[in-house]
There are 2 protein chains.
Amino acid sequence: MPLGERYGGDKSESRYCGVETDFDDDMPNLLSLNIHGGFDFVIATLHAGFSSDAQMDPNYRPSLVDDDTSRSHALPFAGSDLVLSPSQWSSHVVGKISSWIDLDSEDETLRKDSEIALKQEIAWASHLSLQACLLPTPKGTSCANYAKCLNQILQNLGSMQLWLRIPLEKSEDDTDASSPDFMGEGHNDSWELWNSFRLLCEHHSQLSVALDILSSLPSASSVARWFGEPSFLTNARGYPCLSKRQQRLTTAFFDHSIQIVISGQPVHNIPLGASESNVDNNAEGGWRHPLKSYLDYVAFLYQKMDPLPEQERFEPLMDNLEAQTYETFEKDTVKYSQYQRAVAKALVDRVSDENASSVTTVLMVVGAGRGPLVRASLQAAEETERKLKIYAVEKNPNAVVTLHSLVKLEGWEERVTIVSCDMRNWNAPEKADILVSELLGSFGDNELSPECLDGAQRFLKEDGISIPSSYTSFIQPVTACKLYNDVKPWFLFPHIKSHKDLLHFETAYVVKLHRVARLAHTQPVFTFTHPEDLSKTSNQRYKKLRFDIPSDTGSSLIHGFAGYFDATLYKDVHLGIEPSTATPNMFSWFPIFFPLRTPVYVQPGTPLEVHFWRCCGSTKVWYEWCVTSPSASAMHNTNGRSYWVGL
Amino acid sequence: MPLGERYGGDKSESRYCGVETDFDDDMPNLLSLNIHGGFDFVIATLHAGFSSDAQMDPNYRPSLVDDDTSRSHALPFAGSDLVLSPSQWSSHVVGKISSWIDLDSEDETLRKDSEIALKQEIAWASHLSLQACLLPTPKGTSCANYAKCLNQILQNLGSMQLWLRIPLEKSEDDTDASSPDFMGEGHNDSWELWNSFRLLCEHHSQLSVALDILSSLPSASSVARWFGEPSFLTNARGYPCLSKRQQRLTTAFFDHSIQIVISGQPVHNIPLGASESNVDNNAEGGWRHPLKSYLDYVAFLYQKMDPLPEQERFEPLMDNLEAQTYETFEKDTVKYSQYQRAVAKALVDRVSDENASSVTTVLMVVGAGRGPLVRASLQAAEETERKLKIYAVEKNPNAVVTLHSLVKLEGWEERVTIVSCDMRNWNAPEKADILVSELLGSFGDNELSPECLDGAQRFLKEDGISIPSSYTSFIQPVTACKLYNDVKPWFLFPHIKSHKDLLHFETAYVVKLHRVARLAHTQPVFTFTHPEDLSKTSNQRYKKLRFDIPSDTGSSLIHGFAGYFDATLYKDVHLGIEPSTATPNMFSWFPIFFPLRTPVYVQPGTPLEVHFWRCCGSTKVWYEWCVTSPSASAMHNTNGRSYWVGL
C-alpha cells in the first residue's frame, strides 16, 4: 500500500515502499508475509545454482559446474515460474541479482562467470515479467566491463527496469575532490561511478540508480547532484533513528519522485505500538512485520511533508490561446495584483493628489486578452482615486467578443475603449501616459515582448511609463537526466526516426523542473528596458557567462540550462520566476530549458563558460548558445534552424 | 605553377605556393605581376569602405558611415567584378578579409561593425566565386562570437573555403601548460584557439586553418598536433633563412598536404641568381619578383624531400578478392620473403640435417589463394634442403583454377596437393607438421584468423607449428580531423540522410593515415597464440589501456584510435605494421581507424583511459570500445550492431 497521499499530490506519483529480503526458497510465503506486513513490494533473490544434490549452493559459479552434469546450467531458484501468479510476479517482486557478481574483477574466471550469471538471471527475471531488477553495486574502481555487459542487455530488454545499486558515500576526502589525481584514479565519488555507467549506456531510459543511504552522508552540494537523476530508490538502513540530515535528505528525495526500500535486520528493539500514534497498524491477527516500525516511520516522514505549493499543482496548456487557456491564466491572481500595485504607483507618480480629480491619465493595454489587465488597471485607479481612460488593444477577435461583454457587464463603457486590431497596425488617436502589457515569456524576452513594445512605443508620450519597465532573463546549469531523456531519442541509434528528432536538441522547452539538480546560482543574461531610445539600440544581445560550481559538489554533468525571468513592473514592484526572488504562488510561467546536444562533464574547480545570443532576422527572432569551457561544444540552433519565434 | 612533383607523388596532391599582397587598387596588375613572378595565387584585400570623396579609407567602419549617404554600404574595393575574368578570380585570388575585424571585442560597436563587415566581405568573395578567403586571426582570449558568426555564414556558403589565420606560437610557458589555471584563461595555446573554433563550427568541412610560422616554435609534441588538422597553409616569413627546425617543420607539413603562402617584405638582400642553382627562373624579361628567392627556396625544400616510401604509393582495393586483388597482394614480396624465412627456420627445427633426406615434413597452407605461400614454402624447402609435402587448401574455386595451372606450370605436382574446400569442412588425410596461413587483418585478429586457425588446428600434430605463431594488435590515440569528417555527415544536421549514416561512427575503417597527429606511443591490445589449448580459452578478449599524452603537447582532441598489428611468424621472424617495428616496404596492410562518435578533449596531464572488447557470438565476431577518462564516452558498436565480421 502506498505511503499515503500528500495534499494536492499527484496520484501517479504516490510513493511506494519495498523491503529487501534475505534468501528464502518459499517465495509465496515470503511475498505474503511482507505484503501483509504493509510493504508494496519485495526485493528477492531470484536465482542461484544447485549443487549436485539439488540443494541451494550460495557458492555456485558457472565455471565450477562439471560439464557432464545435465543440470549444470544455473537453475532458477524459484524452480518454476508457477509458484506465483503472473500478476504477483510483475506487481510485487523486484529481482535481486546475485551480489557476488563482479564484472571488472582482475580475475578473468570470475569476470566470465559474472557475465554468464548476470545474463542468465536477467533473462529469468524477464521471463517472469518482473518490473525491475536490482543490480549489485560495482566493486572496485573500474566499471567499464559491467557497463558494457549491461548495455548489451539493455538493447534487447523489453520493458523491465534495471536499478543499479550505488552507495551514497562520503568520498574519502570530500573537500579535496578537486585534487588533480582524483580523476581516473578510482571512483571514490559514487556519483562519478553512476555517471560513467550512464554515459557508457547512453542515458538508457531503463537504467536507473538505487541509492543506498548509509550512516555518513557527503556534503549537501554533492548530494544535490542526485536530484537530477532518473527515478531512484532509497535504501534506508537504521530507521527509525535517522539523523536530522538523513530526514531532510529523505524528504528531499520524496520531492524527486523516488521509491523507498527498507533493508537489513531491525536494529532497534521497539515495543509493539511504540511509533503508531498516527499510523494504522495493518498487521493481521496480531502478527506484526519485524520492520513495520521502519515502514511506519517512512510513511510518517512522507505524510508530514509540507503540501505542494499551489503552482506545483497547476499545469496550464501552453500550446494555444483558446478560451480554456485564457481562463487558466486569468486565475493567476498574484500576477494581476502585482500589476495592480504597479499601475497604482505609476498613477500616483503621474498625477498629484491635487490634480487627481481634474487630470485623466491615458492608459493603453496592449494585448488585452479577455480583460484581466483592464480590470487590474481600473482597480488601481479606484484605489488611488485617479481618473483613468483605457484603450484595450487586442488582435484576437474571439477574445474581443468576451472583452465587449465584460465591459458591458461591469459598466466600464465610459472608461474603456476596445480596439480590435493588431497593435502594429493601429493608429492611436492620442498618446498614452502608461502602456501596460503582459507579453513576457518564461525567459522574459522569448515571446517578442521587446519587438512588440518597441512597436507600441510610438503611442507612448515622451515621458510615458511602460509596465513592465524592464525585464531580465537568468540561467543556471542543471543536471536534468529526465528532461534530457525526453528530448534524446535521436541519441539512441535504433530510435532515430527523422532529421526532425535531431532538432529537439536545439529547442528550448517550457517545463516543470522536478528532477533537476541546480548546480550553481542563476546569473542574469539579457535585459530590456522600456521605453528605449530606438535609434540607438537593437534587440540583438550577446552574453558570456562563467559559472563556478561549488568545489564540494565533485564532478557534474550538465545537460542544459534552466532559464527564468524577473521583470520590474514599476519601481519596486516586480514579478518573476527567478528562484531566489520568485513571486510566490504565481503559476503562469514554468522555467524554460535550453538543452545541450552532448552533456558537458565538469570537473571540480573547472569553470563552466557559456555564451548566449539573442538574434534578430527580418522574419524571426531566435537564440543561439554554446559552451566554451571546460571544452567547446557545438554551436546550438545556428541561424535559428531548429527553434525560433516568427515576427 | 606548382612547386614540382616528388617522385611517386600523387598529382592531385601537388603543393601550391601563394603570396600575401599589400593593398593595391589595381588588381589586374597585382595579379599579373605575381603570377608571372612564379606564384600560384595571390592573397589580396577585396573590400574596403570609401570616404565621401570615394577614396579608399583604411579606417572605414560601418558604424561611422552617415546614414544619409547613399553610398554608405561598404563598397567592394575592386569596384566591379569585371576587372578580372571569372576564371582569374576563382583560380588565382584568395580573398583577404579585413584584419581590423574583432568579433570578440569588449567594445560593442566594434563588435557589431565587425559582424557587418565580415558578412559583407564574404558575400562579395562568394559573388566573385573565389575558392577561399583568409580570415583574420582571432584577437584576444575569447572567440565564441567570431565562431558564432562564422558558423552562421558556413551554413549558407556554397563551396568557398574559409581559412582561419592562426599563429603557430610558442605558448607563454610551454612546459607549464598543465597548470590548472591555464584552462579557460585565455588561449595562449594557438591550437586551443583553433580547436574551440572547430568544435563550435562542428568540424565544418569548409573551415580550415592557415598557420603562421613565426620565428619561435613551440615544442615538437605541441606542433605535432597540427598534423591531424584539415589542409592548412603555412605562412612562412623570413625565408630563406629558416632554422633547421623550421625546415623540418615545413617539410613535415608538406607530408600533410598543405599549401604555402609567403608573406611580408623581403628581408634579405639576395643578389639575383643566388639560390637558383637547381631552379628555373621564370621571371620574364629580366624582371624578377622581389620574393622569388623565397619561392625558390620553398620549392627547393619540397623537391629535395625523400621520395615517398613504396607503400605510400600503393593503394590496393579492399572490397573484394577478385583477380586484380590477388595480383596486387601477391606483389608484396617483402611479406612473402618473411614467410619464407619463417618456414625455413621451422623446417630446420623440425628436421635435423641428418634426417633431411629421409623425413618429409607435411605443411598445410590454409587459404592458399593463387599460391604465393605455396611458392614461399617450397623455396624455403629448397633453401634448407628439406623434403616437403604441401596441402594447399583454398575455398575460392576461381583461385583454385589459377592454383592448378601454377602447380602444373612450375612442375610441383609431386609435392603439392590442391584441396578445393572450405577448411572448416575438410577431413585431412593426415596431420600437419606446419600450418601456414595469411589470415591477418590490419588489426591482427579482425578477419577471423583466431577462429579459422582454431578450426584448422585439428589438422595439426600435437607438437606442430603454426605460422604465424602469434599476433598482437596495437592502438594509439590520434587527432584525425580528415578521417573524422569523412565519417561525420550525421554530425551536421542538414546532411543527415538515414539511420545508416550514424552507424559509420561505430565502424572501423582501413585507411591511409596521412593527416593524422599521433598523440602517444602505441600499446598492445589483444594477443592470440597458435596452436592453443582449445578447451581452456575463448577468443573473447577485454583490454583496458591508459595513455599518457606527453605533457608538452598541450591539450588535444582525440577523434579515434589508429590500429595496427605485429605478428610473430616463427621465433624471431616477425611481420607487422606497428609503426615502431613495422616491416619496411610492405604494402598489404594499411592501419585501421576506430572512430569515436564524439571527439574527446584531453587536457595536459590527464590520462586517456580506453577499453576494447573482442566479442564472439554464434554468427559473428565484433569489437566494442569506449573511453572512460577524462570522462566516459558512449559504448561503441554494442552487440556488433554497426560493424561485425560474419562467421
Partner chain B: residue of A:Leu200, A:Val627, A:Thr638 with the largest heavy-atom pair count (under 4.5 Å):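 Ranked by heavy-atom pairs under 4.5 Å with chain B, first place is A:Leu200.
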Closest-packed option against chain B by number of heavy-atom pairs under 4.5 Å, given A:His636, A:Arg111, A:Met635: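 Top option by heavy-atom pairs under 4.5 Å: A:Met635.
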Could you tell me how the ring of [X] sits relative to the ring of [Y]: parallel (under 30°), tilted (30 to 60°) or perpendicular (over 60°)?
X: A:Tyr542; Y: A:Trp613; answer: parallel
X: B:Phe526; Y: B:Phe612; answer: perpendicular
X: B:Phe594; Y: B:Tyr643; answer: perpendicular

Pairwise side-chain contact, A:Pro138 with A:Phe197, heavy-atom cut-off 4.5 Å (strictly under):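 When only atoms from C-beta onward are counted, A:Phe197 and A:Pro138 do touch, with a gap below 4.5 Å.
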State, without any angle test, whether A:Glu609 and A:Ser629 hold a side-chain donor-acceptor pair at a distance under 3.5 Å.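 The criterion, which ignores hydrogens and geometry beyond distance, is not satisfied for A:Ser629 and A:Glu609.
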Heavy-atom distances under 4.5 Å only: say whether B:Asp104 touches chain A with side chain, backbone, both or neither.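 The answer is the side chain of B:Asp104.
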Contact origin within B:Gln152 toward chain A - heavy atom pairs under 4.5 Å: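 For B:Gln152, the contact with chain A is made by backbone and side chain together.
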Taking B:Glu624, B:Gln540, B:Lys148, B:His611 one by one, which has the highest count of heavy-atom pairs under 4.5 Å against chain A?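 Of the options given, most contacts go to B:Lys148.
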